[in-house]
Amino acid sequence: QVQLVESGGGMVQAGGSLRLSCAASGRTSSGYDMGWFRQSPGKERQIVAHIPWSGARPYYSDSVAGRFTVSRDIAKNTVYLQMNNLIPEDTAVYYCAAGQNVRVLTAVRYSYWGQGTQVTVSS
């Protein structure tokens with residue numbers, strides 16, 4: 001049983017930064033791979049970043065690579081998504097997700113999801 005709660009979303013002008021947090025609770029949460037997804041109206045939920053429990057290198061989608069950084073604080077059971085140089089195309093609801101041995105980074109491979117946090121980037 002894992003519960004995920006995102007926070008840190010908001011409205012920011014293009015070029016600004018936000019840091020999203022995902023607080024995890026539950027007895028098995030420390031062993032999970034973690035991912036960040038985003039979804040805009042009329043579009044499918046898409047992977048943004050993934051950080052495996054194993055410590056292997058994180059994954060970033062091409063659209064955010066070089067601008068976003070995913071990290072985790074194991075002691076705090078928290079995963080972060082640092083978003084820099086935001087552009088209007090980043091506007092979406094951002095979701096934190098957890099799964100065991102995800103490997104293939106698609107939404108169906110993650111077992112637990114947060115409620116989402118809105119990020120809006122204006123020109």
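Just so it is clear, the structure is predicted and the values come from calculations on it, not from any experiment.
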Task: Pairs touching residues 32-73 that satisfy disulfide (SG to SG under 2.5 Å), sequence neighbours left out - done: none

Task: disulfide (SG to SG under 2.5 Å) contacts touching residues 54-121 (sequence neighbours left out) - done: Cys22-Cys96

Looking only at heavy atoms, what is the nearest atom pair of [X] and [Y], with distance?
{"X": "Pro52", "Y": "Pro58", "result": "CD-CA, 4.4 Å"}
{"X": "Val70", "Y": "Tyr60", "result": "N-OH, 2.9 Å"}
{"X": "Gln118", "Y": "Thr91", "result": "NE2-CG2, 4.0 Å"}
{"X": "Arg72", "Y": "Ile51", "result": "NH1-O, 3.6 Å"}
{"X": "Ser17", "Y": "Gln82", "result": "CB-NE2, 4.0 Å"}
{"X": "Val12", "Y": "Leu18", "result": "CG1-CD1, 4.1 Å"}

Open item on the list: Distance alone, cut at 3.5 Å: any donor-acceptor contact between the side chains of Ser122 and Gln13?
Closed with: no

Approximate separation, where rounding is to 0.5 Å, of [X] [atom1] and [Y] [atom2]:
{"X": "Thr78", "Y": "Leu20", "atom1": "OG1", "atom2": "CG", "answer": "12.5 Å"}
{"X": "Gln100", "Y": "Tyr112", "atom1": "CD", "atom2": "OH", "answer": "7.5 Å"}
{"X": "Leu81", "Y": "Met34", "atom1": "CG", "atom2": "CE", "answer": "11.5 Å"}
{"X": "Asn84", "Y": "Arg67", "atom1": "CG", "atom2": "CZ", "answer": "9.0 Å"}
{"X": "Ser21", "Y": "Leu4", "atom1": "OG", "atom2": "CG", "answer": "12.5 Å"}
{"X": "Gln46", "Y": "Thr106", "atom1": "CD", "atom2": "OG1", "answer": "12.5 Å"}

Any donor-acceptor N/O pair, [X] side chain to [Y] backbone, under 3.5 Å:
{"X": "Thr117", "Y": "Gly9", "value": "yes"}
{"X": "Asn77", "Y": "Ser25", "value": "no"}
{"X": "Glu6", "Y": "Gly116", "value": "yes"}

Could you state whether [X] and [Y] fall into the same hydrophobic cluster, counting links through intermediate Ile, Leu, Val, Met, Phe, Trp or Tyr residues with side-chain heavy atoms under 4.5 angstrom apart?
{"X": "Val93", "Y": "Tyr110", "result": "yes"}
{"X": "Trp36", "Y": "Val121", "result": "yes"}
{"X": "Val48", "Y": "Tyr32", "result": "yes"}

Open item on the list: What I want to find out is whether Asp90 reaches Arg38 closely enough, with some N-O distance under 4.0 Å, to be called a salt bridge.
Closed with: yes

Task: Tyr95 six-ring centre to Arg45 NZ/CZ under 6.0 Å and within 45° of normal - done: yes

- [ ] Mind telling me whether Tyr94 and Phe68 have parallel, tilted or perpendicular rings, with 30° and 60° as the class edges?
- [x] tilted

- [ ] Check whether any side-chain heavy atom of Met83 lies under 4.5 Å from a side-chain heavy atom of Val119, and answer yes or no.
- [x] yes

- [ ] Answer with yes or no after comparing the ring centroid distance for Phe37 and Trp113 against a 6.0 Å cut-off, counting only values under it.
- [x] yes

